[in-house]
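A short worksheet on the structure shown next.
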Amino acid sequence: MQNNTPFSWHRYHITPIVGIVRGLDLDTVRQIIKAYIAAKFYTIEVTMNTPNVAKIIKDLRLNYPNLNVGAGTVCTMADLDKAIAAGAQFIVTPIIDEEVIKKCVAMQLPVFPGAYTPTEIYKAWALGASAVKVFPATKLGPKYIKDVLAPLNQIKLMPTGGVSQENIKSFFEAGVVGAGMGSSLFDKQMIKVKDFEALQGHFTAIRNEINLFVKS
């Protein structure tokens, strides 16, 4: 039986962080997800360059109906078709591919395209992005976000790459509507030793940093 529920903005806003799963096997992802949901995180993307990505997306959709499950690193129409077939509820890209964005918009499938410069950010938004993934945000920082939003305050931004527990609050204070987090969220050492209780505590600590910006 397939889970056909659409992306839930309500659940996204409870904790507006997109957890990025890359290169992990299904059994490990399942263990992570239990801690993830327990910490009130509900939105996760599995990158298309993860082995068995379609199987992982399908499994999460089937077994975790309260989770928003998306596909990341979608760079081509072939990637998009594969993600949709697997049941992805939203799409994240590291680049601007007009064809990919337009198809998502036509399907009413939330899409978060990657952009870097103000021109790219505006273009992605004009094409219909649900929010623009500012990537990589590593060197840009919260000040860049604030500077971009000064003239482009109608655009929703979601920095990804370089967002950590130490700086995530600053990004939200600068005006972002969410953030993408990979290795800084899914602590490799905790996962390696299978300390999922500690991982849940890590998730909670990150969420606590943005308590003023989340809906319980």
Side-chain angles (χ1 to χ4, degrees), residues 9 11-24 32-33 35-47 68 70 72-73 90 92-96 110 112-122 124-125 129-192 195-216:
W9 284 104
R11 285 195 294 274
Y12 168 79
H13 287 301
I14 290 173
T15 304
I17 292 173
V18 179
I20 303 166
V21 170
R22 189 187 305 275
L24 298 175
I32 290 170
I33 290 302
Y36 198 69
I37 293 174
K40 297 183 179 179
F41 282 68
Y42 298 104
T43 305
I44 195 161
E45 74 170 83
V46 186
T47 65
N68 288 321
T73 318
F90 67 96
V92 183
T93 82
I95 59 169
I96 294 175
F112 306 94
Y116 192 78
T117 67
T119 298
E120 290 173 348
I121 289 168
Y122 185 82
W125 182 254
S130 306
V132 180
K133 168 184 168 180
V134 180
F135 173 81
T138 310
K139 300 294 184 182
L140 301 175
K143 180 66 165 56
Y144 179 78
I145 298 293
K146 189 173 182 179
D147 289 346
V148 169
L149 286 176
L152 302 175
N153 61 303
Q154 78 279 18
I155 298 179
K156 296 178 180 178
L157 299 183
M158 186 178 75
T160 302
V163 180
S164 65
Q165 182 178 344
E166 290 71 33
N167 65 19
I168 189 169
K169 183 178 179 181
S170 296
F171 277 106
F172 276 83
E173 288 173 339
V176 304
V177 298
M181 299 181 72
S183 57
S184 60
L185 180 64
F186 299 118
D187 186 277
K188 291 180 180 179
Q189 185 58 31
M190 292 177 188
I191 293 171
K192 182 179 179 181
D195 192 346
F196 297 105
E197 184 176 346
L199 190 64
Q200 181 179 330
H202 176 59
F203 294 154
T204 299
I206 290 174
R207 188 177 189 274
N208 286 342
E209 289 293 320
I210 56 170
N211 265 339
L212 294 175
F213 307 93
V214 303
K215 302 174 183 178
S216 56

Between K146 and E173, does a side chain to side chain contact (heavy atoms under 4.5 Å, CB included) hold up when you go through it step by step?
CA-CA 9 Å; K146 189 173 182 179; E173 288 173 339; over 6 Å; no

Mind running ring-ring contact (aromatic ring centres under 6.0 Å, His included) on W125 and Y122 for me, showing each step along the way?
CA-CA 5 Å; W125 182 254; Y122 185 82; 9.0 Å; no

Under the criterion side chain to side chain contact (heavy atoms under 4.5 Å, CB included), I'd like the reasoning laid out for V177 against L157: C-alpha separation, chi angles, the key distance, then a yes or no.
CA-CA 6 Å; V177 298; L157 299 183; 6.0 Å; no

Checking M181 against I168 for the side chain to side chain contact (heavy atoms under 4.5 Å, CB included) test, could you report, in this order, the C-alpha distance in whole Å, the side-chain angles of both residues, the deciding distance, and whether it holds?
CA-CA 10 Å; M181 299 181 72; I168 189 169; 3.8 Å; yes

Taking it one step at a time, do V18 and F90 satisfy side chain to side chain contact (heavy atoms under 4.5 Å, CB included)?
CA-CA 11 Å; V18 179; F90 67 96; 4.1 Å; yes

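Remark: I37 CD1 to I32 CD1 distance equals 12.0 Å, nearest 0.5 Å. With rounding to the nearest 0.5 Å, the separation of CG in D195 from CD in Q200 is 11.0 Å. Between the CG atom in L24 and the OG1 atom in T47 there is a gap of 9.0 Å [rounded to 0.5 Å].
With a 6.0 Å radius and a threshold of 12 heavy atoms from other residues, nucleotides or ligands, E197 has its CD atom at or below the threshold.
Here the closest heavy-atom approach between residue G175 and residue L149 is recorded as O-CD1, 3.6 Å. Scanning all heavy atoms of the two residues, the minimum distance from P113 to A129 falls at CD-CB, 3.4 Å.
Formation of a donor-acceptor pair under 3.5 Å by the T204 side chain with backbone atoms of A39 is not found in this model. Panel note: side chain N167, backbone S170; no donor-acceptor pair is recorded below 3.5 Å.
Taking Y116 as the reference, E120, P136, L140 meet the side-chain contact (heavy atoms from CB on, under 4.5 Å) condition, with sequence neighbours excluded. The salt bridge (charged side-chain N to carboxylate O under 4.0 Å, His left out) test applied to K192 returns no partner, not counting sequence neighbours. In this structure E166 satisfies the side-chain contact (heavy atoms from CB on, under 4.5 Å) test together with S164, sequence neighbours excluded. Legend: residues meeting side-chain contact (heavy atoms from CB on, under 4.5 Å) with N211, ordered by chain and number and at least two apart, are R207, N208, V214.
Taking the side chain as every heavy atom from C-beta outward, I44 and F186 approach each other to under 4.5 Å. Side-chain contact check for F112 versus T93: every heavy-atom pair is 4.5 Å or farther apart. With contacts defined as side-chain heavy-atom distances shorter than 4.5 Å, the pair I206/I17 qualifies. Contact check for I210 versus P16: side-chain heavy atoms found under the 4.5 Å cut-off. Taking the side chain as every heavy atom from C-beta outward, K133 and V92 approach each other to under 4.5 Å. Side-chain contact between I33 and F196 is absent, with no heavy-atom pair separated by less than 4.5 Å. Side-chain atoms of T15 and T43, non-hydrogen and from C-beta on, never get closer than 4.5 Å to each other. Considering only heavy atoms from C-beta on, K188 comes within 4.5 Å of S183 through its side chain.
Between Y36 and F41, the ring-plane angle classifies as tilted under the 30° and 60° cut-offs.
Judged as a ring-ring contact (aromatic ring centres under 6.0 Å, His included), not a single pair has a partner in residues 129-161 (not counting sequence neighbours). The list of ring-ring contact (aromatic ring centres under 6.0 Å, His included) pairs with a residue in residues 147-174, not counting sequence neighbours, reads F172-F213.
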